[in-house]
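Taking it in order: structure first as structure tokens, then the write-up.
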Number of protein chains: 2
Amino acid sequence: MQPTEFLKDLRQRGHRRTPQREMILQVICECDGHITADEIITRVRKRYPHLNKSAVYRTLNLLVQTGFVNPTDFGSGSVTYEIHRDPHHHHLVCRECGKMIEVDAGVFAPVERKLRDEYAFAPDLHHFAIFGLCRKCQKKG
Amino acid sequence: MQPTEFLKDLRQRGHRRTPQREMILQVICECDGHITADEIITRVRKRYPHLNKSAVYRTLNLLVQTGFVNPTDFGSGSVTYEIHRDPHHHHLVCRECGKMIEVDAGVFAPVERKLRDEYAFAPDLHHFAIFGLCRKCQKKG
DNA sequence: CTCCTAATTGCAACTAGTTGCAATTGAAAA
DNA sequence: TTTTCAATTGCAACTAGTTGCAATTAGGAG
């Protein structure tokens with residue numbers, strides 16, 4: 001999806017099209033992967049120096065609420081954001097070497113089933129960062 | 001486990017027994033459940049008014065690293081801490097009414113198996129807060 | 001008991017992110 | 001085109017948590 005499409009979709013939900021949101025979305029769409037709020041601010045300010053951080057955080061929260069963007073905390077001190085792709089995926093993160101492996105949402109299907117059946121609970125199992133040890137670091141340790 | 005036992009165990013790992021750590025551990029052990037850093041500071045200061053927040057956060061991080069305490073982010077704005085119990089457990093949190101249900105670690109066994117078998121990844125599947133909808137709120141919505 | 005040294009503390013400054021509020025502005029209606 | 005009003009922004013102050021550094025201290029060795 002392109003920024004314009006997201007903005008149209010937001011409009012239909014009663015949100016306004018503002019230059020700030022337009023540029024924030026542009027940067028997120030261009031970046032192709034995970035990006036932090038700080039990096040968004042830096043990139044937008046190259047063209048539009050007056051951007052305020054509140055607007056960025058509020059826009060990001062809006063995009064997360066509407067499901068256009070997924071937040072992930074890799075434990076680096078700042079949350080990263082990524083355009084949502086269907087189906088969901090998760091990230092395995094090696095706590096030794098930092099290696100990241102993407103796994104598809106299906107991994108959690110048995111968990112979802114069990115929580116629904118045994119607890120009548122409908123979980124959101126979206127976009128987790130799962131820490132652990134990768135193959136190489138298991139052998140080393 | 002009692003504060004004294006934790007302190008002994010820490011000592012064996014090369015950490016010192018300080019009055020700050022002693023009182024922080026006492027408060028965590030007494031509280032019987034989840035407690036925030038801020039609440040720990042408040043409670044310790046009743047007896048020892050000069051406690052600094054850095055010491056609290058550093059002690060909490062130490063206790064998490066050593067596995068004595070589990071951190072959980074319920075999305076309330078501050079992380080909560082809980083004495084570790086074996087076996088691990090997780091928390092289901094209803095995003096509508098806030099209801100919390102404890103589930104044992106076994107729920108994630110199939111995930112662990114799959115990640116080990118298919119990705120050679122050894123995950124830490126400890127003490128998650130899993131958001132979703134409880135039975136009642138599913139019916140309402 | 002005294003000395004020594006690394007671990008720990010307090011402090012102040014910092015980072016990431018949130019919030020209340022007044023000023024601005026998008027966009028729909030007149 | 002002008003009016004209108006809620007949505008949004010910028011700002012400044014705030015919260016949670018982290019960090020670098022100098023001063024203190026636990027606790028083992030002599």
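What you see is a predicted model, and the numbers here were worked out from it, not measured in a lab. Chain identifiers are assigned alphabetically (A, B, ...) following the order of the sequence lines, protein sequences preceding nucleic acid strands; residue numbering begins at 1 within each chain.
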Should A:Gln20 be listed as having a side-chain N or O under 4.0 Å from OP1 or OP2 of C:dT25? no

In the 5'-to-3' direction, what one-character label does each nucleotide of nucleotides 15-22 of chain D receive under the scheme B = base within less than 4.0 Å of a protein heavy atom, S = sugar-phosphate only, - = no such atom? -SBBBB--

Tell me whether A:Gln138 contacts the main-chain N or O of A:Leu133 through its side chain, where contact means a donor paired with an acceptor under 3.5 Å. yes

Between C:dT8 (C1') and B:Leu25 (CG): distance, integer Å: 15 Å

D:dT8 P sits how many Å from A:Leu51 CG, rounded? 15 Å

Mind calculating the distance between CG (B:Leu10) and P (D:dG27) to the nearest angstrom? 11 Å

Closer than 3.5 angstrom, by distance alone: can the side chain of B:Arg17 be matched with the main-chain N or O of B:Glu22 as a donor-acceptor pair? no

Tell me yes or no: between the side chains of B:Asn52 and B:Ser54, is some donor less than 3.5 Å from an acceptor? yes

Side-chain N or O of B:His15 versus OP1/OP2 of C:dT8: is the shortest distance under 4.0 Å? yes

What is the distance from CD of B:Gln65 to C1' of C:dT8, rounded to the nearest Å? 14 Å

Parallel under 30°, tilted from 30 to 60°, perpendicular over 60°: which one fits the rings of A:Phe6 and A:Phe68? tilted

Mind calculating the distance between CZ (A:Arg13) and C1' (D:dT8) to the nearest angstrom? 18 Å

Rounded to whole Å, how long is the line connecting atom CD1 of A:Ile24 with atom C1' of D:dG10? 13 Å

Mapping B:Arg21 and B:His50 to their closest nucleotides on DNA chain C, which lands nearer the 5' end? B:Arg21

Are B:Arg47 and B:Gln26 linked by a side-chain donor-acceptor pair shorter than 3.5 Å? yes

Roughly how many Å is it from CG in A:Leu7 to C1' in D:dT8, rounded to a whole number? 14 Å

Scan nucleotides 2-6 of chain C against the protein and return all N/O pairs shorter than 3.5 Å with their distances rounded to 0.1 Å.
from  : atom 1 : to      : atom 2 : distance (Å)
C:dA6 : N3     : B:Arg16 : NH2    : 2.6

If Ile, Leu, Val, Met, Phe, Trp and Tyr residues are connected whenever their side-chain heavy atoms lie under 4.5 Å apart, and connections chain through other members, are B:Leu7 and B:Ile28 in the same group? yes

Compare the minimum distances between each of C:dA28, D:dT9, C:dT8 and the side chain of A:Arg11, then state the nucleotide with the smallest one. C:dA28

Regarding A:His90 and A:His88, do their side chains bring together a donor and an acceptor under 3.5 Å, going by distance alone? no

Distance, nearest 0.5 Å, that separates CD of A:Glu112 from CG of A:Asp117: 10.0 Å

Joining Ile, Leu, Val, Met, Phe, Trp and Tyr whenever any side-chain heavy atoms lie under 4.5 Å apart, the cluster holding B:Leu125 also takes in A:Leu92, A:Ile101, A:Val103, A:Val107, A:Phe108, A:Val111, A:Leu115, A:Tyr119, A:Phe121, A:Leu125, A:Phe128, A:Ile130, B:Leu92, B:Ile101, B:Val103, B:Val107, B:Phe108, B:Val111, B:Leu115, B:Tyr119, B:Phe121, B:Phe128, B:Ile130

